[in-house]
Structure formats: C-alpha cells, structure tokens
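I have placed the structure first, in the form of structure tokens, so that the comments after it can refer back to it.
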Amino acid sequence: MRVHSLTVEQALASLNSSSTGLPAAEAARRLGEFGPNLLEEVEQRHLLLRFAQEFTHFFAIVLWIAAGLSFVAEHFDPGQGMARLGLAIVGVIVINGVFSFWQEYKAERAVAALRRLLPHRVKTLRAGEISGILASELVPGDIVLLEEGDFVPADCRLIEIAGLRVNLSTVTGESLARARTLEPSAEESPLQAKNIVLAGTSVVSGQARGVVYATGMRTEFGRIAHLTQTAGEASSPLQREIARLSRIVAGLATGIGVLLFLVGQAIGLPTWENLLFAIGIIVANVPEGLLPTVTLSLAMATQRMARRNALVRHLPAVETLGSTTVICSDKTGTLTQNRMSVQRLWIGGRMLSCGELARQAPALLEHRALFVNTALCHDLKEVDEQGRQGLRGDPMEIALAAVGRQLAGDLAGCRRVAEIAFDTDRKRMSVICDTPQGRMLYCKGAPETVLAGCSCVHSEAGVVPLDTAARSRLLAAQDEMAGQGLRVLAFAHRAVDQQGPPGDERQMVLAGLIGLEDPPRPEVPPAIARCREAGIRTIMVTGDHPRTGLAIARQIGLISGEAPTVISGEQLRLMSPTQLQLALDAPEILFARVAAEQKMRIVEALQNKGEIVAVTGDGVNDAPALKAADIGIAMGIGGTDVAKEAADLILLDDNFASIVAAIEEGRAVFENIRKFLTYILSSNIPELVPYLAFVLFRIPLPLTIIQILAVDLGTDMLPALALGAEKPDPAVMRRPPRRRGERLLSWGLLARAYLFLGIIEATAAMLAFFFVLDAGGWQHGQTLDRLDPLYLQATSACLATIVVMQMMNLYLCRHPRRSILSYGLGGNRYLLLGIAAEVAVILFILYTPPGNWLFGTAAIGSSSWLLAAGCAILMCALEELRKAWLRHGQRS
Ligand code: ATP
C-alpha cells in the first residue's frame, strides 16, 4: 500500500517508526542503508569535455590557424624559424587553456564552497527528543517538524498538522498555497494526495509533523531533479561585457595584423616573414585570458565577502552589490540586536519602570491577567535544539514570558487549547487557554490592532469602559514609550463562553501595555555613516510603530532632521505608485507599520526612480520583495528557508554592517578588474611599437614574436591575477555608486594604459635596444644576422626592460589616482608572488640555454638592467606627476 492511502498509525507502522521518532542507533543504521538525503548533482559537463572546450573556443581556433600557417610556412620556406613559432603558438594555446581551466575550476569550487557554509538544518524528533540535524542526515522513518517558511527536506506523510498550508510550485507548478489533511487519500499518485508534503516544497503557514518515507533521489523532487537542474550559473553583465570586449579587441587585433601584413607586402618584406609578424601581432593583442581572470576575481570576492559574513548566492550579485544605491532595511535584528528586555509597563493607569516593577510585585497581582497573558500567549518552544531546557523562539516573546512566569503566580491549571497565529498583517496573536477561571482568550500585539478589539480597560478604578478619555490616555502612554525607542505591545483578554466563536478577538479587556527595549547594534551607526559617505541611501522599513522606528533611526544616525517623512502602512495603502515615487524624493524617509507585502511596492517605486535597490527580509512574505529587488538579502540566523532561497545575499550574522562590507567588496572587484585591465593593456604598446619601428625605419626587429608571447603569457599572467585580489581601497566607500551601465573600459582607462604607461614603456624598451646596439658599434642601416650575439643581446635588453617596466607598472596600477607613497608595497601578498614569478620567468629566458634557444635571447649585462631600472623609476615619477595633477584637478 502506498503510504498516502494508509492511516497515520498504519503509515508509521509501515515505516517501522513511531510518533516519538526513531532511536539514534536505528537512524544511523538507516543512513548507512539508504544513504544521505541529497540530490546527486548531475555532472553538468564532463571535466575532460570542459577541458577540451578550453582549446576549441573562438580565440583558440584563431591561434590554431596561426600555428598551422607557421608550420605550412616552415614547409615551403624552411630554416626561417617558422616551426619554432608554430610550436610557440601551440604552447600559448596549451598554457592558456590550462590556466583558464584552472581559473574557472577554482572559481567554481569557490562558489560551491560557499553553499556548504550554510547547511540546511531540519528539526527532527528522535527517541522522543527534538533536535536540529543536517537535512542530509534524514532517513526514512524520521519524524520532521515543519513550520512557516521551512523547506520540506524529504517526502513526508503528515502525522500532525495545525493550520498547515504548503506551496507546491517547485514540484507541481501551481503557485497557490494548498491546505493539507491527515486522512488517508484515495488518490493514485502521491503528488495529488493531501496528506503528503513533498521535498522541495515549502510551508507557507502553520505547523506540522510528518514521517519521512522517501529521501534523496527517491523523492518526487529527486526524480525530476535530473530534468530541472540548471546548467551552471547565469553569466553576469560584467562577464558578458568582458566577453564582448575580448571579441572586439580580437577583431581589432586581426584587423591590425592584416593591415600590417599588407603594408609589409607593399614595402617588400619577404612574404613568410611578413605573415609571421602579422600572426604575432594578432596573438599578442588577443586578450585570451581575460574572461577566466575576471570570473576568478569575482569568485575570490565572494570568498572575501563570506569572511565578512555576507554569503553571495550567485556571481552576478557581486557586481550588482557594487552599484547598489539604496538599502531598504528591516529594523529588528538587522539594525538592532534583537535582544529584548522589558523596560516599562503601563498597568492600571500607571507607568512603571523596570525597577518599580520588581518592587511592586505583590501589588501587581491584581493585574495578574496581564502576566498570565505574557506567560501563555507566545510561540515559544520549551526545549532548544541541543535538547537543553529553556525557552526558544522570538527574543521578544522570551522576555515577555520570563516576566510573566515571574509575576503570574501559579500557572499549573492553565492549558493552551488553540492559537490564532501572528502575522505581519494582523500584527497580533491570540491563544485560547483553559484556566481555573474557565476558558480564556489572551491576545497580544501592536496596540492599535489590539485596542480595536477592546471594549474595557483595566484602570486604577478596576475594569472600566474604554471611552475616548481612556483611549487617549492609553495612546499617550504608547507614544511616550515609543518615543524612547521601545517596542510597545498591548495585552488583552476575555472569557470565552462556550457558545460564541472562540477565536473572536472582540469585546476584550485591555490589561496593559509593555514597552521593550531592543538596543541598536553598535556596528550600525558607523555602517550607516559609511553608506552616507558612499552615496548609498538607507531607508528603514519596519513593522514597528512609527515613533519607535523614528527613535531608533535617530539613535543610529539614520535620521537627523527635524521633520523627516514618516509613511505608515496605512498611508502607503492609499498612495498611488506615482505618489509613492514622489514621496521618496524626501531627503529623510522612514516606513513604519509596513506589512511584508508592501515592501515590494517600495522596492518597485525606488527601481522606477532608477535606483539599484537592496532589500532585507526574513519571512515567507518577504520573498516577492527579495526577488524583485536588485539584491535580495536574507537573514542567515533568523531567516526562513524560503527567504534564503529567494535572496541573492545571505547575512550570516543578520547584521546591517555586513551588507555594507559586501557592498565595499563589490565595488572593489570592479576597481580591481579595471586595475588589471590597465596593467595588461599597457604592455601591448611596447609590443607593437618595435614592430612598427622595424617596418617604418628599417631597423633590426627589437622584439620577436616569441618574446611578445613570453610577456603576454608568461610574465604578465600571474601579476594580473594578483591585482584582481587587491583589498578594497578605503576611498572606495567615499565615492558615489557607479552609474548604471558605466563601462568597464572607459576612455580614461584606455588613454592611461595605451597613451601614457604604454608609450613610456615602449620608449624605454626601444632605448634599451638601441643602447645595447650602440655600445656594440652598430650603425643605422646595418643589417644584423638573426643569430648575431649583438642582436640577441639587444632584443634581450628590450624584452628585459619591458618586464622590469611591467613590474613597476604592477604597483602603479594599484590605484588610478592615489600616490604610490600612500599605499606602499604591502597589503597584497599575491603581488609579491606575481613579481617573484615574473623574475623567475625572465631569468629563465635570459640566463638558461633552453630559455635562450626557445626565445632567441642571450644574457645581458648589468648596465642594461640599470638602464631598465632607471626607466622604471622615471615611469613611476611621471605617473606620480600625472596622478598629482589629476588629484589637483579634482580638488579645484
Ligand atoms: P521589523 O520589520 O523592522 O523587523 P518588527 O519586527 O517590529 O520590525 P514585524 O515582525 O512585522 O516587524 O512586527 C510588526 C508588529 O507586530 C510589531 O511591532 C509588534 O507590535 C507586533 N508583533 C511582532 N511580533 C509579535 C508577536 N509575536 N506577537 C504579537 N505581536 C507581535
């Protein structure tokens, strides 16, 4: 019999389980038998296939053709070194492919590692004890406890439910929440059975217990997972821009190559030699390794963000974070500590502080109903996850229940029979309890919603009708507490007569108000100040009272003006989208008493104003806003599974300051990519100029094609990667956010790389070349054999100079405007590693026989090194002057 056609007892028995769950030893045994509750990842593409793809993409094919042509040239015109060039190009393809593959693999691993940082935990009942275990450890027969916002971790037959509704869209495609029952079902398929919850679906509301009957790939979701697993990450706009950029540059390089070939032909260069140069120019300028380097720097940024408690779920989110202009943040737990303590009470018409409360305990007994209410009206659980005794749940309810238990007296005869759950729309909750005085309803919630259901109030004179005067006294008391930043809750009760509807929250007696303090997180005020400096607007969107929100906003420095705009959920409901958009022009604005559903409207209004919006959320109802925002941010500790799934970023510590840290890293990535672009592009000019000089002035070729390849694919590669790992510059948060659609490759960047740094490097390289030739007695017009020691030394000096200049350039590229003196040489150990690699490669090329043979070089003397060092220092000085001029221009 299928498990859904059995009764609860039969279902449990058929799985050899019971309502108290499996014993630990049996669970362990079953884990061995059935394996972990995981969906096997479908290997998207075999690793070998992906490796092969690194050698067959567009650039690689261009290079293969180039290599092929070289070998053909060798065949027709042997002895010109064409075969060696062909081999070198093949080497380039191989090195590039392996390096790209390594970078992509590393990036992928980095992103996969992030997922493991936030394991999916579930509550189970084993041997009668509730404990939190990893979802992967679930076995058939386990009892799982589900509540609002949870993802169902395995296919379960329900055994207990309370107001349970589930969203089945991930399995059946229908998005309406569906109620569940316990009765055996006559349906053929478990997909239709109403007493089943399937893995991958989520709990929209209510609570339930279910017995697991299928795990991992045996679940319905597992069966369809093979079909739906998406093929990897979507590429980010930045990655797409880089891909586009690479194609443009490749096209351009090919154009220049062809042009130079034609010029060469026109001035009568030997055809094969000419062809060789054209190929060299193309190879030198095609930015083969750019895309994987960018992907890797994005992935490295996600790791840095994770260390700062912000977990990115998709790579594209890294760059969106960098351009965020507005953060809409919840208050409780994100801006505040979510450590609640009862501070003040309004009871019997009097306001008491916490100290007075303790002193007046006996006198308070006449107001016992208030404390019975706080002791009983909550959603707390008695045991915590590790099985230790204590209250677990919402910190506010814990604080209230503690005061209740202390002051309510004997609660032995009280038993809870039903609950009307809290939701952000109603802003209140009620429980119905059997007490020695009969059946009672206890209600607590936001004062305005509770007050609406009250007809009487407990005052100095006992229970009196809640008339206008009493109401205004009450509201004044609320305002006073809220004005101090306290969260105010009202408490009311009524006797439930057996006839009337028990859940009716009307005709209640208001027992009193309680003000709770939830201090701001100490890190928040500086984080808000940083946001302001960074041109990012922070807007508090709270479910709390406007005054409470405002008081906290002032405490954390979010609002300082006299007349901020405060919009309540009520007002928001009446506003048209246009009105809301206009209201958002106010310099200081705060949203209070907002329901989760309304967040979405705020997000959309901001987006319509052209803002890039980050929004926080934790509940099921927050999911639409999290999805709609440019960056949805879920709470790692307090958030539900559903919110986390909808989010782009998860805060491991629920802290607002971590959002700001993530934005800083996001901005830094963009800057870093610009840094290594500048670095890589600079060396293209000293690679091109020697060839132009050779063609135009009929001098010996200062830099051979193989040497160009040595720079592009040997010495330049690792340092570029190191620039991608630069830490955020402190000034990155002092600038306004990047404009939407701002290009990575700006004219400024191109001019700096090509026309300034590149030209200086090219001049130095040519100087080094002629310096050696001149010292060797060379005269203009004199031809030198390709193996002439003087020529070998001269081209070696040219190559060495470019490498030395690039070493200096590495440090110059660390910042486009700031002086090297202000950031120095430290702070990024990868730079030193990059330099070390560069030194090793150039020494190999110049001072070892295989290096000399392959690259056509010879050892050079100390004077050449000195000249190169001198040029590098001069370049540094010139760049410093340029930066100083730029800074001066910015100030004035
Ligand atoms: P934020 O949205 O900034 O985190 P919040 O936690 O106050 O603020 P909600 O959780 O939407 O927002 O709560 C809205 C209001 O509902 C609270 O201000 C409080 O008056 C009331 N409330 C919150 N939790 C409970 C609860 N467990 N029982 C009864 N009322 C509650």
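Hydrogens, waters and symmetry mates play no part in the numbers below; they use all other heavy atoms, side chains included. As the structure is a computational prediction, the values presented were derived from the model and not from experiment. Every number for a ligand or one of its atoms is a count from 1 in the order of the listing.
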Open item on the list: With nothing but distance in play, are any N or O atoms of Arg428 less than 3.5 Å from an N or O of ligand 1?
Closed with: no

Open item on the list: Looking only at distances, can you tell me whether any N or O atom of Thr542, backbone or side chain, sits closer than 3.5 Å to an N or O atom of ligand 1?
Closed with: yes

Just to confirm my output: which protein heavy-atom neighbour is closest to [atom], and how far is it?
atom                    : result
atom 22 (N) of ligand 1 : Phe422 CE1, 3.2 Å
atom 29 (C) of ligand 1 : Lys444 O, 3.4 Å
atom 11 (O) of ligand 1 : Thr424 CG2, 3.4 Å

Run down the list [options] and name the one with the heavy atom closest to [atom].
atom                    : options                        : value
atom 6 (O) of ligand 1  : Arg487, Glu397, Lys331, Met429 : Arg487
atom 17 (C) of ligand 1 : Met540, Arg426, Arg593, His545 : Arg593
atom 2 (O) of ligand 1  : Gly638, Gly543, Ala596         : Gly543

Out of all atoms in ligand 1, which are within 4.0 Å of some heavy atom of [X]? Include the element for each.
X      : result
Leu489 : 19 (C), 20 (O)
Thr332 : 1 (P), 3 (O), 4 (O), 5 (P), 6 (O), 7 (O), 8 (O)
Gly445 : 29 (C), 30 (N)
Ala446 : 20 (O)

Open item on the list: Can you see whether Asn655 engages Glu523 through a side-chain donor-acceptor pair at a distance of less than 3.5 angstrom?
Closed with: yes

TODO: Would you kindly say whether Asn309 and Ser658 are connected by a side-chain donor-acceptor distance under 3.5 Å?
DONE: no

Task: Closest non-hydrogen atom pair, Thr374 against Ile514 - done: CG2-CD1, 3.8 Å

TODO: Please confirm whether the backbone N or O of Ala492 pairs with a side-chain atom of Lys444, one donor and one acceptor, at under 3.5 Å?
DONE: no

Task: Short side-chain to backbone donor-acceptor contact, Gln579 and Ser576, under 3.5 Å - done: yes

Task: Approximate separation, where rounding is to 0.5 Å, of Arg209 CZ and Thr124 OG1 - done: 10.5 Å

- [ ] Find the distance between CZ (Arg487) and NE2 (His545) and round it off to the nearest 0.5 Å.
- [x] 12.5 Å

Task: Option passing side chain to side chain contact (heavy atoms under 4.5 Å, CB included) with Val488 (candidates Asp544, Leu516, Asp479, Leu513) - done: Leu513

Open item on the list: Less than 4.0 Å is my threshold; does some heavy atom of His378 fall inside it relative to ligand 1?
Closed with: no

Task: Side chain proximity check, Glu665 to Arg308, heavy atoms < 4.5 angstrom - done: yes

